[in-house]
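Reviewing the structure listed below.
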Amino acid sequence: MNIQQLLVERFTSALNILGFTDAPVPVAKNTKKGFGEYQFNGAMGLAKKLKQNPRDIAQQIIDAVDISDMASTLEIAGPGFINIHINNMWLSAQLSAVLSDKRLGIDIVPAKNVVVDYSAPNLAKEMHVGHLRSTIIGDAVVRCLAFLGHNVIRQNHMGDWGTQFGMLLAHLQDKLAQDQVAETALSDLEDFYREAKVRFDNEEGFADTARQYVVRLQGGDKECLALWKNFIDVSISHSEDIYKTLGVSLSRQDVMGESAYNDDLATVVSILKEKGIAQEDAGAQVVFLQELADKNGKPAVYIVQKSGGGYLYATTDLAAIRHRSSVLQADRTLIFTDARQALHFKQTEMVARKANFMQPDEAYQHCPFGMMLGKDNKPFKTRTGGTVKLIDLLDEAVERAEKLVLGRKPDIDPQQLAQMKSTLGIGAVKYADLSKNRTTDYVFDWNAMLSFEGNTAPYLQYAYTRIQSIFEKAKFDPAAHAQSTIEMSIEQDAEKALCLHLLQCQNALELVAIEATPHILCTYLYELASLYMRFYEACPILKDDVSRQSKHTRLSLCVLTASTLKLGLDLLGIGTMQKM
Ligand code: ARG
């Protein structure tokens, strides 16, 4: 249920009755207290167009709109705003309907095929913090899209191809010849890469061997491909360890690495040449983008094939677009990478559209994110300035959570501790990332993310657990409660504010789905927990002098708050606990 949408529908009918067809229907949430919960802001624009008094137009709309069930009062404010006061009886009825609904009143939307390209580590190296962001944010968006009913197709566009594999395979071959197994040799990809690079730069003959490996690999040499496959497999399993620790929904089936497009690259370039989109420039195949010319009128240069014949990241992305459009039938593609790749995707989209590699109405949405910074506001690094191994970071999160739990409950049962430390630790890391608007850089701060106060995972997880303990104390069964026939009655301000917010979950999820910004859901949940706290302080639930109806209503608000918190955290990929 989307209250805002319902209001838009009612006002649209009213405008149609008045003959104002095709007029915009702006309905917004009202944040000022005492002015109703929503506001219709369309009268002023209409009045301007018709050269009439906006307050008169507003009055005509009020007379025409059929809304008495939903709204108790409509009033004109200022130059012609219409303030909408939502009816408590209507809210009570919605609360009862949503309470017995498994989907908590969240409707399925018209399904689209949405390709989501996220995580996408480069297999030559360890996953780094940039991939952590892509993985966490992408996975939350995927879950929200799927819950709303979209057909989500995950694509893990892993960097598993390219000239650097020549050097790596040559080095691996030598290690295997010394009787090492690949798993051991590749246990630390960062070290392995460094060793190979040192040999490449210094060891006589090694660079040549490496180059031969590249040629053999690209030529489809069986032995070389087997070696490559071995490398890739070990590296993917490193990523899988991280996915498992993080509770991320990616699996092997979602891997569609760069290598998968290898056979299409020549086709891509030849189509671009045929259509006159790419042309030769100093031996390379290039698309000149006049639309993105610099201030001297020099067009942007987008290379699709190097002078030696090699293909690039860009060529692969064009091939991916073709595949996603024609084979996966994408209506929409979302790609999560750091903001530095924004220009690349802008240019890629431009070239792909010129070449008709996708349907004209197909959406291609690069979803950039900022950098993860250390406390010194510089890119996140280890104390010695190296890249942080993700698995170490996640281990530290769990360790810190364990200390935190033991500090509060020294004699906690070991099994509970094991579950709590990972749910809390991993949840904290994920939520810290998800709760910031992804486009900005953010400072990674252990103390802030593991705090039980503020907009953090522990705060929300704790809010959920507190409600569970109320139920336990009252020996209350939420499932049986949903079947009760006692009528609801929302009366107090705090009840109303909480109820209204509970019914706005769909709106938050739809925004996440459109903008690919999970922080909107985080803000929603944080507000929910805060409104719940206010309600809990203002409205006694189990006291003797509370009427049957009030008790029922308030318990219903508790049940729905708990289920909404759980659902929301679940969609963010974050766990909850019955007890903490
Ligand atoms: N592997 C790339 C990187 O680490 C990200 C790939 C994103 N997806 C894409 N279709 N280019 O930067």
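Throughout, residue positions are numbered sequentially from 1 according to the sequence presented.
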Check each of Gln365, Glu362, His150 against Arg332 using the side chain to side chain donor-acceptor pair (under 3.5 Å) test, and report the only one that passes.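 Going through Gln365, Glu362, His150 one by one, the side chain to side chain donor-acceptor pair (under 3.5 Å) with Arg332 is satisfied by Gln365 alone.
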Taking the ring of [Y] and the ring of [X], is the distance between their centroids below 6.0 Å?
{"X": "Phe380", "Y": "Phe444", "value": "yes"}
{"X": "Tyr118", "Y": "His157", "value": "no"}
{"X": "Tyr462", "Y": "Tyr459", "value": "no"}

Cation over ring face, [X] and [Y], 6.0 Å, 45°:
{"X": "Arg103", "Y": "Phe147", "result": "yes"}
{"X": "Arg466", "Y": "Tyr536", "result": "yes"}
{"X": "Arg408", "Y": "Phe452", "result": "yes"}

Sort out for me which residue in Leu334, Asp139, Asp254 forms a side-chain contact (heavy atoms from CB on, under 4.5 Å) with Val116.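 That would be Leu334; it is the only one of Leu334, Asp139, Asp254 passing the side-chain contact (heavy atoms from CB on, under 4.5 Å) with Val116.
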Return the CZ to NE2 distance between Phe336 and His131, rounded to the nearest 0.5 Å.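 Reported to 0.5 Å precision, the distance equals 14.5 Å.
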Value rounded to 0.5 Å, distance of OG in Ser119 from OH in Tyr243: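 If we round to the nearest 0.5 Å, Ser119:OG and Tyr243:OH are 2.5 Å apart.
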Between Arg10 and Asp69, is any pair of side-chain heavy atoms under 4.5 Å apart?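 Arg10 vs Asp69: side chains touch.
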Does the side chain of Thr135 come within less than 4.5 Å of Met127's, by heavy atoms?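 In contact.
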Pairwise salt bridge (Lys or Arg N to Asp or Glu O under 4.0 Å) hits with a residue in residues 22-48, at least two apart: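 Those involving residues 22-48 are Glu37-Lys496.
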For residues 564-580, which residue pairs qualify under salt bridge (Lys or Arg N to Asp or Glu O under 4.0 Å), counting only residues two or more places apart or in two chains?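 For residues 564-580: none.
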Using a strict cut-off of less than 4.0 Å between a Lys/Arg side-chain nitrogen and an Asp/Glu carboxylate oxygen, indicate whether Asp441 and Lys436 qualify as a salt bridge.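 No salt bridge links Asp441 with Lys436.
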ring-ring contact (aromatic ring centres under 6.0 Å, His included): pairs with one or both residues in residues 56-80, sequence neighbours excluded: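 Sorted pair list comes back empty.
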